[in-house]
Amino acid sequence: MKTRIHITRIIAYLVQYALVFFLFWFLRAHFFLMLLVIMSVVPFLSLGAVFLLRRFVQVSLIAPEREQNRDELGYLRLTVKNPLWLFSFDANLILRSENCFYGDTGTTRISVPIQMHATYEKMIPIRYSMNGMYRYRMDGFAMRDLLGVVSLAKKVKTETEVVIYPAGEGTQTGDMTDLSKGMTESEETQKKGHDFSDVSDVREYIPGDKLMSIHWKLSAKRDILMVKDRVSMSDQQMVILAELSGEDTQVDQVLSLTFGVCSSFVQEQIYVRLMWWSEGRYSFEERQILNRESLKRAFSDLYYDKPYTDTEKTKDLMRSIHPELTAYVHVCYRNGEADAEVVEQD
């Protein structure tokens, strides 16, 4: 936003001023004399008021709901606070939006009034048609004086973010029994902080119990082996690789399917190891999905990466970097739709 002087408005005002002056000179009427005085003072008052408004008016942009599902209607709250007993009929703001994952950007011009000694709020409706992290910001705005001859720009810095998750709780395609071939033994002892089960009780060791279930600290205190009695224990984990290559609409379908597949397995108390290739870090990113909240956190991290164009390299990279994985579920776009297939590595 830049400060602008509207020449046509100035010319129109000068023509009106000249006409009043001619009428006063020709008629010598006190009415036109008063009108001349008012027209001489009003421009200074108008400019002074807009300069004060530029100094004291505050603008903020907030997303009431920072997390939403795709295809839902969301809102941004625009607030214009004016502590002065002055006003402006027209203030223009530029709202800049960006989907950080896909790199799509856009701008929208919004016109709002600056009310006298009041706070003006406007709810801006937005329907999200793509997944990703959306960032909204305003760098400045411009307000006109009452005569409309000058638009003064003011720099502001207000921004907000909204994370959009795929819609649906457990949308998936294909035979889930067939997808279970992508499960591998969970490596609890190798990943600190990731315990893939719920502990209901602690009991004495029984021959046949797994060593990974031993409660070592308690065993040391009691001088007898104690094990954690687990409920809903899955000794396996589902490895899911999300393919982020292709066009934006294709990757978006892959994200939606990946979210649905992960949700379905989590509901079945099967713990998921979600992976994707990160072009920026040039490595595979991994997240352990224990519940729906961890799934959302994983997608929030995924949105900081970018889609890529090479659709052939992901499997080769998986084979060379993670040869220990005997099988995994590969969610990708093929034959005109997103699909999940089990890849068995030699």
Side-chain angles (χ1 to χ4, degrees), residues 1 61-78 93-110 124-141 155-168 171 240-262 274-287 295-318 330-334 336-339:
M1 302 294 289
L61 184 68
I62 298 175
E65 297 181 7
R66 297 298 183 91
E67 296 182 351
Q68 288 192 242
N69 292 331
R70 178 184 165 178
D71 296 328
E72 287 185 352
L73 183 64
Y75 292 90
L76 299 177
R77 181 187 294 122
L78 173 64
L93 305 97
I94 300 297
L95 175 63
R96 305 185 187 279
S97 60
E98 178 186 9
N99 187 319
C100 300
F101 180 68
Y102 295 111
D104 298 331
T105 59
T107 58
T108 303
R109 182 181 295 271
I110 302 174
I124 305 171
I126 299 175
R127 185 171 294 280
Y128 298 98
S129 59
M130 299 282 281
N131 301 304
M133 178 179 292
Y134 288 79
R135 181 175 292 124
Y136 299 94
R137 76 176 193 275
M138 287 184 175
D139 301 325
F141 68 97
K155 291 184 178 180
V156 297
K157 189 174 183 180
T158 178
E159 65 178 31
T160 188
E161 292 181 347
V162 181
V163 182
I164 304 301
Y165 300 109
T171 303
I240 297 179
L241 173 64
E243 175 76 62
L244 302 184
S245 66
E247 299 179 0
D248 290 354
T249 54
Q250 297 173 352
V251 174
D252 206 62
Q253 291 184 41
V254 170
L255 290 179
S256 296
L257 180 58
T258 302
F259 193 90
V261 170
C262 290
L274 177 61
M275 303 177 66
W276 69 89
W277 175 253
S278 172
E279 281 284 274
R281 300 177 181 86
Y282 206 78
S283 63
F284 282 102
E285 290 292 304
E286 301 181 21
R287 298 295 184 273
L295 176 58
K296 287 185 175 181
R297 288 195 299 269
F299 265 69
S300 297
D301 294 339
L302 183 152
Y303 289 152
Y304 282 102
D305 279 302
K306 301 288 184 182
Y308 48 93
T309 56
D310 191 349
T311 58
E312 300 297 329
K313 69 179 182 181
T314 310
K315 286 185 179 180
D316 295 334
L317 289 169
M318 194 71 163
H330 185 206
V331 185
C332 59
Y333 189 88
R334 61 178 183 178
E337 63 179 359
D339 197 7

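Here the closest non-hydrogen pair linking Q250 and G246 is OE1-CA, 3.7 Å. Here the shortest heavy-atom pairing between Y303 and N131 reads OH-CB, 3.5 Å. Minimum interatomic distance between L244 and L255 (heavy atoms only, all atoms of both residues): CD2-CD2, 3.9 Å. Minimum interatomic distance between I240 and C262 (heavy atoms only, all atoms of both residues): CD1-SG, 3.8 Å. When all heavy atoms are compared, the tightest approach of C100 to R135 is SG-NH1, 3.2 Å. Residues A63 and L76 share a closest heavy-atom pair of CB-CD2, 3.8 Å.
Contact of the L95 side chain with the R137 side chain is not registered, since no non-hydrogen atoms from C-beta on lie closer than 4.5 Å. Contact annotation: the side chain of V251 approaches that of Y102 to within less than 4.5 Å [non-hydrogen atoms, C-beta and beyond]. For the pair M133 and I164, the minimum side-chain heavy-atom distance is 4.5 Å or more. Counting only heavy atoms from C-beta outward, the side chains of V156 and F141 approach each other to under 4.5 Å. Side chains of M138 and I110 form a contact here, defined as non-hydrogen atoms less than 4.5 Å apart. Side-chain atoms of W277 and L241, non-hydrogen and from C-beta on, never get closer than 4.5 Å to each other. Contact check for I94 versus T108: no side-chain heavy atoms found under the 4.5 Å cut-off.
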Might you work through the side-chain contact (heavy atoms from CB on, under 4.5 Å) test for F259 and L257, ending with a clear yes or no? CA-CA 5 Å; F259 193 90; L257 180 58; over 6 Å; no

Go through the steps to decide whether Y165 and R70 satisfy the test side-chain contact (heavy atoms from CB on, under 4.5 Å), and finish with yes or no. CA-CA 6 Å; Y165 300 109; R70 178 184 165 178; over 6 Å; no

Working for side-chain contact (heavy atoms from CB on, under 4.5 Å), residues Q68 and V163: CA-CA 6 Å; Q68 288 192 242; V163 182; over 6 Å; no

Taking it one step at a time, do D104 and D248 satisfy side-chain contact (heavy atoms from CB on, under 4.5 Å)? CA-CA 10 Å; D104 298 331; D248 290 354; 3.8 Å; yes

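Using modelled atom types, one finds a donor on one side chain and an acceptor on the other under 3.5 Å when comparing S278 with D305. Side-chain atoms of Y308 and E243 form a donor-acceptor pair, as typed in the model, at a separation below 3.5 Å.
Residues forming a ring pair (Phe, Tyr, Trp, His ring centres under 6.0 Å) with Y304 (at least two apart in sequence, or on another chain): none. With sequence neighbours excluded, no residue satisfies ring pair (Phe, Tyr, Trp, His ring centres under 6.0 Å) with Y333. Scored by the side chain to side chain donor-acceptor pair (under 3.5 Å) test, K313 finds E279 as partners (sequence neighbours excluded). In this structure R96 satisfies the side chain to side chain donor-acceptor pair (under 3.5 Å) test together with D139, sequence neighbours excluded. Legend: residues meeting salt bridge (Lys or Arg N to Asp or Glu O under 4.0 Å) with E159, ordered by chain and number and at least two apart, are absent. Scored by the salt bridge (Lys or Arg N to Asp or Glu O under 4.0 Å) test, R287 finds E285, D301 as partners (sequence neighbours excluded).
In this structure, CG in L302 is found 7.0 Å from CG in L274, a value given to the nearest 0.5 Å. Interatomic distance, OG of S256 versus CE of M130, reported as 9.0 Å (0.5 Å rounding). Atom OG of S283 sits about 9.5 Å away from atom CE of M275, to the nearest 0.5 Å. Between L73 atom CG and E65 atom CD the span is 10.0 Å, to the nearest 0.5 Å. We find the CE-OG1 distance between M318 and T314 to be 9.5 Å, quoted to the nearest 0.5 Å. Between E161 atom CD and S300 atom OG the span is 10.0 Å, to the nearest 0.5 Å.
The aromatic rings of Y136 and Y134 sit parallel to each other, their planes meeting at less than 30°, with 60° as the upper class boundary.
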